[in-house]
> 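I have a structure I would like to understand better, so I am pasting it below and will then ask my questions one at a time.
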Amino acid sequence: MVIPASGAAYGAVAPEGAPALPPRISWGAVLAGGVVAVAVGTMLNILGVAIGASTVDATAGATPARPASESAPASGCWSPT
């Protein structure tokens with residue numbers, strides 16, 4: 001049985017009896033990392049919606065009486081998050 005040596009040029013042969021190496025990537029960990037990234041992004045989006053919704057007074061039907069020049073920095077800081 002011929003097993004290519006780790007890190008060697010293509011076509012290199014491992015010595016007889018060399019142990020087979022396990023896969024170098026754990027696809028379970030990659031999938032779990034993706035799930036965690038989506039979950040964190042979703043939580044941050046929900047937090048942003050909650051902060052935005054808390055600035056509106058639903059009983060009065062009015063939005064914050066704030067000029068756009070004051071709210072632009074806040075939305076600019078939140079956007080990269």
Side-chain angles (χ1 to χ4, degrees):
M1 183 165 119
V2 177
I3 300 173
S6 174
Y10 179 76
V13 179
E16 185 70 28
L21 297 175
R24 294 186 179 246
I25 187 164
S26 171
W27 289 106
V30 171
L31 182 63
V35 169
V36 168
V38 169
V40 168
T42 302
M43 287 190 305
L44 288 174
N45 279 327
I46 291 171
L47 177 63
V49 169
I51 290 172
S54 69
T55 62
V56 177
D57 186 7
T59 58
T63 58
R66 182 184 305 172
S69 61
E70 290 180 14
S71 60
S75 62
C77 290
W78 187 256
S79 294
T81 306

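The figures that follow rest on heavy atoms only: side chains count, while hydrogens, waters and symmetry mates do not. Here, residue 1 is the first one in the sequence, and each next residue gets the next number.
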> When Ile, Leu, Val, Met, Phe, Trp and Tyr are grouped by side-chain heavy atoms lying under 4.5 Å apart, directly or through other members, which residues fall in the same group as Ile46?
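None; Ile46 is a cluster of one.
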
> List for me each residue that meets side chain to side chain contact (heavy atoms under 4.5 Å, CB included) alongside Ile25, sequence neighbours excluded, and say none if there are none.
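Checked Ile25 against side chain to side chain contact (heavy atoms under 4.5 Å, CB included); matches are Trp27, Val30.
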
> Under the side chain to side chain contact (heavy atoms under 4.5 Å, CB included) test, which residues partner Val40, sequence neighbours left out?
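Val40: side chain to side chain contact (heavy atoms under 4.5 Å, CB included) contacts with Val36, Met43, Leu44.
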
> Can you name the side chain to side chain contact (heavy atoms under 4.5 Å, CB included) partners of Ser54, sequence neighbours left out?
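For Ser54 there are no side chain to side chain contact (heavy atoms under 4.5 Å, CB included) partners, ignoring immediate neighbours.
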
